[in-house]
Amino acid sequence: MKRLVVVIVILLFIALSAFTVLNIGALPQADFTYAIGDTIKTLDPAHTAWNEDIRIALALWEPLASYHPETTRAISGAAHIPPQISTDRMTYTFELRQDARWSNGDKVTASDFVYGWRRAIEPGTAHVYAFLITENIAGAKTYSQWRNRAVRALGIMKDLAGAKGISEQDEEFIRSLRLPGSEQEKPHWQKIARCFREEHIAKMDQEFEKVEIEALDDLHLQVRLTRPTAHFLDLVAFSTFLPIHKASIEKLRVTDNPAVTNLTLWVFDPQWVKPDYHRNGYPGLISNGAFTITDWQFKRFMFFRKNPHYWDRQNVKTKSIMVRIIPEASTAFLAYERGEIDWLRDLTRLDFAPALVEKMRQGKRNDIHTCPAFGTYFYYFNCQKHLPDGSENPFADALVRRAFNLAVDKQAIVDKVKKIGNTPARNFVPPNTIEGYFCPPGPEYNPDQARTLLSEAGYADGVGLPTIEILYNKGYGHEKISEAVSRMWSEILQAKVILKGKEMKSFDEDKTNHRFVVCRASWYGDYSDPTTFLDMMVTDNGQNDAGFSNNDYDRLMRQANECRNQKQRLEILAKAEKMLVQEQLPFLPVYYYVNLLAYKEQLKGMYLNAREMHPFKYIYVDK
């Protein structure tokens, strides 16, 4: 009898376990499903920097302008486009839609945009794209610098109060502030910091009022630019310029952490973008776009439903969207072939992608689609004086960088490694993608000249060169490209080259902190202007992972920023890019991206475009 009871219990346990596994594996059904290869890094509009994050953020929130699904030009979003523009082309007055609503039914107001844009430049929240606001909106840079100086000062005073040593630069900086009490023989730094902080906080709102972003009333937002910016409407369609529902997110503002409050940082609980997060009475994410997020299971899926309060809801045909996270590209393709997925955005990770492209060309796969992309695949050279180990860096010399560029046969890489229709890159900005812009290309493959330049730099036959380590993130075929590049450098320049693949998080940290010799990189343009690429190489730009700094280049970029004639401005920018690709070469352009997608004719509202902008509000499956 006992044996029978044990058997029954075991069977029940197995049955329950099976039910649990099936239940965990079950996915909610959606009108439209697509797959991505990696988990979303963030949906915080101030932090979004990766294409997939930006695409989803723009489904949840709606900026003043939106992207046309075919042309990607700026069209009406939460505001009517075009806005009123002053005769000097520097003041824009946007009128918001009267029926624009948040997902909880609240009215979307001009103040929501002021708050969202301010949050995007505040220390503690500001991220890599904060410069889109600080460099383009009058007063924003001055405010940002004022805030960042205060944060730096408070950080130094904290160290002084804790009897920690500070650098000569920090000591000089503190002296320049002439803080009351700091001249004493033994300054009371904690008290000095408290007085400084209180005075700074009292002035913050007053100082921000000098930033020329103003809510004239609930429906009118006025913005004054630093200079005429032909692509400004394209900018305000970008995720950095999204509004934020202040009343809800302020519930998750970090106010109980001295490390945050003592430095006057704006920091928010990162869980605020989750739909089911309710700490401190937080209602879950409130957004104003065509969709709301209802479920987010880490590394599994995200689920969206049509926003019942969205102003254009009657034209949004898709009621629900499933975003499946499938790291293995072949697994995602099998799911697509089984009909579980309606759209695969990127087939380039597949080993058999060349075969699919060939079948497409033969007319045997009408569901495979390709088009040129607004993106460049390249390698960064570490341009700083010393390498991470403290040794002298040969790539600090432009001659060495040019030699390593000339030693790479890019045509061979696209023909023998990629094999999906990429073209070799000789520029940073993909040619023929921006109306009115042309830059002479950089040099072609030339092994003899590469060896000559390397010899002129003092490294004949590779003698004296340190081991060249190529850093890349694992997956996506980066290893094969790195192997091809390393062979060319070894054979032509006699360089010793090793490869170092890392997981994305570690790779990204090393790249951002210049912990590499040579590093794989890529860039997709965010707006239709050369500066979306060229700004990256300006000294101290947040995306300048090469650590490149050149006064002449910075001067040209400043000239372009100050130029009010668009034709002349583009000519100046072309000079700046020419300097990069023909003289300085802080990077090695390898090829231009192509977009390679899979979707069947039942998927409507999907249009191929170089910028990979596919607004979800227009997409639906015609069943």
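Only a predicted model underlies this, so the values are computations on that prediction, with no experimental measurement involved.
- Two rings, from Tyr377 and Tyr592, have their centers 6.0 Å or more apart.
- Every side chain to side chain donor-acceptor pair (under 3.5 Å) that Glu135 has, sequence neighbours left out, goes to Lys141.
- Other residues, nucleotides and ligands contribute over 12 non-hydrogen atoms within 6.0 Å of the CG atom of Asn315.
- No more than 12 heavy-atom neighbours from other residues, nucleotides or ligands sit within 6.0 angstrom of NZ on Lys246.
- At a cut-off of 3.5 Å, with distance as the only test, a side-chain donor of Tyr336 or Asp367 sits close to an acceptor on the other residue.
- No side-chain N or O of Trp311 forms a donor-acceptor pair with one of Gln98 less than 3.5 Å apart.
- For Phe374, the ring-ring contact (aromatic ring centres under 6.0 Å, His included) criterion is met by Phe533, not counting sequence neighbours.
- One distance of note links CD1 of Ile249 with CD1 of Ile244; it measures 5.5 Å at 0.5 Å rounding.
- For the side chain to side chain donor-acceptor pair (under 3.5 Å) condition, the pairs that include at least one residue of residues 324-335, sequence neighbours left out, are Arg324-Glu340, Glu328-Ser330.
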Query raised in the report: So Arg313 and Asp99, salt bridge (charged side-chain N to carboxylate O under 4.0 Å, His left out) or not? Walk me through it.
Result: CA-CA 11 Å; Arg313 57 191 174 278; Asp99 53 353; over 6 Å; no
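- Expressed to the nearest 0.5 Å, how far CD of Glu509 lies from CE of Met504 amounts to 12.0 Å.
- Residues Lys617 and Tyr310 have side chains that bring a donor and an acceptor to within less than 3.5 angstrom of each other.
- Between Phe587 and Tyr380, the distance separating the two ring centers is not shorter than 6.0 angstrom.
- Every residue meeting the side chain to side chain donor-acceptor pair (under 3.5 Å) condition with Thr91, not counting sequence neighbours, appears here in chain and number order: Arg224.
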Only pairs under 3.5 Å count here: list side-chain donor-acceptor contacts from residues 564-575, not counting sequence neighbours, and write none if there are none.
residue : atom : partner : partner atom : Å
Asn565  : OD1  : Lys567  : N            : 3.1
Asn565  : OD1  : Gln568  : N            : 2.9
Gln566  : OE1  : Arg569  : NH1          : 3.3
Lys567  : NZ   : Glu571  : OE2          : 2.9
Arg569  : NH1  : Asp529  : OD1          : 2.9
Arg569  : NH2  : Asp529  : OD1          : 3.4
Arg569  : NH2  : Asp529  : OD2          : 2.8

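- For Thr348, the side chain to side chain donor-acceptor pair (under 3.5 Å) partners at least two apart in sequence or on another chain are Asp346.
- Atoms CG and CZ, on Asn307 and Arg101 in that order, are 11.5 Å from each other to the nearest 0.5 Å.
- Aromatic rings from Phe428 and Phe378 are positioned such that their centres are separated by under 6.0 Å.
- Side chain to side chain, His68 and Tyr607 fail the donor-acceptor criterion of an N or O pair below 3.5 Å.
- Residues passing the salt bridge (Lys or Arg N to Asp or Glu O under 4.0 Å) test with Arg305, sequence neighbours excluded: none.
- Panel note: side chain Glu577, backbone Val429; a donor-acceptor pair is recorded below 3.5 Å.
- Sorted by first then second residue, the side chain to side chain donor-acceptor pair (under 3.5 Å) pairs that include residues 104-113, not counting sequence neighbours, are Trp102-Asp112, Asn104-Asp106, Asp106-His245, Thr109-Asp112.
- With sequence neighbours excluded, the residues satisfying ring-ring contact (aromatic ring centres under 6.0 Å, His included) with Tyr129 are Phe238.
- Under 3.5 Å, the side chains of Arg520 and Asn473 contain a donor-acceptor pair of N or O atoms.
- Ring centers of Phe303 and Phe301: at least 6.0 Å apart, outside the cut-off.
- The closest side-chain donor-acceptor pair between Gln362 and Lys364 falls under 3.5 angstrom.
- Of the inter-residue distances, the one linking Cys371 atom SG with Leu597 atom CG reads 7.0 Å to the nearest 0.5 angstrom.
- Taking the ring centroids of His369 and Tyr599, they lie under the 6.0 Å cut-off.
- A salt bridge is absent between Asp312 and Arg97: the closest approach of a Lys/Arg side-chain nitrogen to an acidic carboxylate oxygen does not fall below 4.0 angstrom.
- Separating the CG atom in Leu221 from the OG1 atom in Thr93 is a distance of 8.5 Å, to the nearest 0.5 Å.
- Atom NZ of Lys604 has more than 12 heavy atoms from other residues, nucleotides or ligands within 6.0 Å.
- Looking at Glu52 and Arg55, a side-chain N of the basic residue comes within less than 4.0 Å of a carboxylate O on the acidic one, giving a salt bridge.
- Under 3.5 Å, the side chains of Asp44 and Thr42 contain no donor-acceptor pair of N or O atoms.
- Counting only residues at least two apart or in different chains, salt bridge (charged side-chain N to carboxylate O under 4.0 Å, His left out) contacts with residues 28-43 comprise Asp38-Lys41.
- Legend: residues meeting side chain to side chain donor-acceptor pair (under 3.5 Å) with Ser482, ordered by chain and number and at least two apart, are Tyr379.
- In this structure, Arg345 pairs ionically with Glu612, as a charged nitrogen and a carboxylate oxygen lie closer than 4.0 Å.
- Lys319 forms no cation-pi arrangement with Phe304, by the criterion of a distance under 6.0 Å to the ring centre and an angle within 45° of the ring axis.
- For Tyr92, the ring-ring contact (aromatic ring centres under 6.0 Å, His included) partners two or more places apart in sequence, or in a different chain, are Phe232.
- Looking only at distances, a side-chain donor or acceptor of Thr71 sits under 3.5 Å from a matching main-chain atom of Arg73.
- When the shell of 6.0 Å around CD of Gln314 is examined, it contains more than 12 heavy atoms from other residues, nucleotides or ligands.
- Side-chain N/O atoms of Ser103 and Thr292 include no donor and acceptor closer than 3.5 Å.
- No more than 12 heavy atoms of other residues, nucleotides or ligands lie within 6.0 Å of CZ in Arg89, so this atom counts as exposed by the packing criterion.
- Stacking of Arg119 on the aromatic ring of Phe268 is recorded, both the 6.0 Å distance cut-off and the 45° axial limit being met.
- Between Trp117 and Phe241, the ring centre distance stays below 6.0 Å.
- In this pair, Tyr34 and Phe616 present their aromatic rings tilted. The plane angle is within the 30 to 60° band.
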